[in-house]
Amino acid sequence: MEPRKHTIPVKFVDAALRGARRQAVDIDAVLQSAGIAPDLLAAASARVSTEQYTALMQALWQQMADEFVGFCPHGRCKMGTFAMMCYTAIHCGTLKRALSRGMRFYGLVTEAFSIALTQDDQEATITFTNHQLDDPDHFLTECWLVIWHGLACWLTGRRIQLTHASFTYPEPGHIDEYRRMFYARSMQFNAATTSIRFPVNALSLPIIQNEVTLKQFLKTSPADLLVRPKNDDSLNGQIRAMLRKLHDYPEFEHIAAQLNMTPQTLRRRLKEEGTSYQQIKDNLRRDAAIYYLSRPEIGLDDIATELGFSEPSAFHRAFKKWTGVTPGIYRQEHVK
């Protein structure tokens, strides 16, 4: 049943374009270069593939020649800034030194925001403070937190589990996407700072990358850091990983047994994480469906079968529930 790739809400695409719109960039051209139909923005429940989202961010950077993609009203960030920061960081011996050097680098580049690394006996904290960004959707703020976490994981070759993520603004309606982006064990909104925390011992991890691996990394980064799989030791993540390896969707009781839990305990634990087994299955099917619909050589009936639906009509009903349109209309109007 592979691939079951994650997909990105069109809301994030729309938010990414805010700065470009202010600068009168040809939005339709940017979207089309990323393989995203412009009218997709009008479909509130629509989603795009991770490949499309990565291509979108790369297109924005290239089109605007600005790594801040128009969110800093007092000037742009020249292309190559992130790459140069990475070249300074990989020659540090430990993650702590690499992060500290990279943050000092950006302190010389911009006053629009600041990034700080602090630590105590238990945890290290990366704090993002917005000084001048015009970012009402908090898009660039969230992107930079995700990018710095992803960079730390890449530099060390380890998936560093976040213990906490906090945000100075109210909880958004798309809270499930925050769980996917950060996979922190806990989250807090309306907090004093916007920050992520992880075990302090990660700061002593050695840097394993070099200029050769960095050259390959920079072909798609930092755009693909926004969509790379994160370390997710939640039950949601464990179940998603289990299902990706299977060719069907086992009964809930089977999943509970595999996790050495009673069905009642697993159901309660999933509820605490804000999800359910049915929702996990629906999300996996939805993401796989969007991927398959982007491949016109695969018929709709074949997609229904591949996703485990007993009949095409059941797939059509489910897909319309997930996205607001039928699979046929989605492919016709939103896949180029």
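In this text, all values refer to a predicted model and were calculated from it rather than measured experimentally. Heavy atoms only: backbone and side chains are in, while hydrogens, waters and symmetry mates are out.
Hydrophobic cluster membership is shared by L300 and I298, with clusters built from Ile, Leu, Val, Met, Phe, Trp and Tyr side chains linked at under 4.5 angstrom. Note on V109: it clusters hydrophobically with M79, by side-chain heavy-atom contacts below 4.5 Å among ILVMFWY residues. No single ILVMFWY cluster, assembled from side-chain heavy atoms under 4.5 Å apart, contains both I208 and F198.
Checking side-chain atoms of Q209 against main-chain N and O of W154 turns up a donor-acceptor pair under 3.5 Å. With hydrogens and angles disregarded, a donor-acceptor distance shorter than 3.5 Å links the side chain of R331 to the backbone of L293. Put simply, the side chain of Q52 gets close to the backbone of G35: a donor and an acceptor are under 3.5 Å apart. Not a single donor-acceptor pair under 3.5 Å links the side chain of T265 to the backbone N or O of M261. In this structure a side-chain-to-backbone donor-acceptor pair under 3.5 Å is present from R101 to T88. Between the side chain of R47 and the backbone N or O of T7, at least one donor-acceptor pair lies under 3.5 Å. Side-chain N or O atoms of H149 include one that pairs as donor or acceptor with a backbone N or O of I160 at under 3.5 Å. The main-chain N or O of A223 is never found under 3.5 Å from a side-chain atom of S221 such that the two would form a donor-acceptor pair. Proximity of a side-chain donor or acceptor of N210 to a complementary backbone N or O of V212 within less than 3.5 Å is detected. Using a distance-only test at 3.5 Å, with no hydrogens or angles considered, a donor-acceptor pair links the side chain of T305 to the main chain of D301.
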Candidate pair H138 and F167, rule ring pair (Phe, Tyr, Trp, His ring centres under 6.0 Å), full reasoning: CA-CA 10 Å; H138 316 293; F167 308 91; 8.8 Å; no
Begin with the C-alpha distance, continue with both residues' side-chain angles, and end with the deciding distance and a verdict on ring pair (Phe, Tyr, Trp, His ring centres under 6.0 Å) for Y106 and W144. CA-CA 12 Å; Y106 270 101; W144 275 98; 5.0 Å; yes
Go through Y249 and Y277 one step at a time and tell me if the ring pair (Phe, Tyr, Trp, His ring centres under 6.0 Å) criterion holds. CA-CA 10 Å; Y249 292 99; Y277 185 50; 7.6 Å; no
Would T127 and T125 satisfy side chain to side chain donor-acceptor pair (under 3.5 Å), going step by step from the backbone distance to the final call? CA-CA 6 Å; T127 301; T125 303; 5.7 Å; no
Please test S166 against S195 for side chain to side chain donor-acceptor pair (under 3.5 Å), starting from the C-alpha separation and ending with a verdict. CA-CA 5 Å; S166 64; S195 60; 2.9 Å; yes
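Shown here for A83 and L218, the closest heavy-atom pair between the two residues is CB-CD1, 3.6 Å. Counting all heavy atoms, side chain and backbone alike, L145 lies closest to I196 at O-CD1, 3.8 Å.
A distance of 5.0 Å separates CD1 in I36 from CG in L56, rounded to the nearest 0.5 Å.
Between F113 and T129 there is no side-chain heavy-atom pair separated by less than 4.5 Å. Looking at L307 and F319, their side chains never come closer than 4.5 Å, going by heavy atoms from C-beta outward. By the 4.5 Å heavy-atom criterion applied to side chains, H316 and P327 are counted as neighbours.
For the residue pair Q58/T220, the side-chain donor-acceptor check at 3.5 Å is not satisfied. No hydrogens or angles considered: nothing links the side chains of T141 and N130 as a donor-acceptor pair under 3.5 Å. In the model, H164 has a side-chain atom that pairs as donor or acceptor with a side-chain atom of S186 under 3.5 Å. Side-chain contact check for Q278 and D282: at least one donor-acceptor pair (N or O, by modelled atom type) lies under 3.5 Å.
A salt bridge links D14 to R21: at least one charged side-chain nitrogen sits closer than 4.0 Å to a carboxylate oxygen.
Ring geometry, F189 versus Y178: the interplanar angle exceeds 60°, so the pair is classed perpendicular (tilted spans 30 to 60°).
Checked against a 6.0 Å centroid threshold, the rings of F315 and W322 do not count as neighbours.
Residue-environment remark: NZ (K96) stays at or below the threshold of 12 foreign heavy atoms within 6.0 Å. Within a 6.0 Å radius of CD in E111, other residues, nucleotides and ligands contribute 12 heavy atoms or fewer.
In this view, H91 and E211 satisfy the side chain to side chain donor-acceptor pair (under 3.5 Å) rule, not counting sequence neighbours.
Figure legend: R285 and F309 shown as a cation-pi pair, the cationic atom lying under 6.0 angstrom from the six-membered ring centre and within 45 degrees of its axis.
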Can you give me every donor-acceptor pair (side chain of residues 61-72, partner residue at least two apart or in another chain, under 3.5 Å) with its distance?
residue	atom	partner	partner atom	Å
W61	NE1	E67	O	2.8
D66	OD1	F68	N	2.8
D66	OD1	C77	N	2.8
D66	OD2	G70	N	2.9
E67	OE1	F82	N	3.0
E67	OE2	G80	N	2.8
E67	OE2	T81	N	3.2

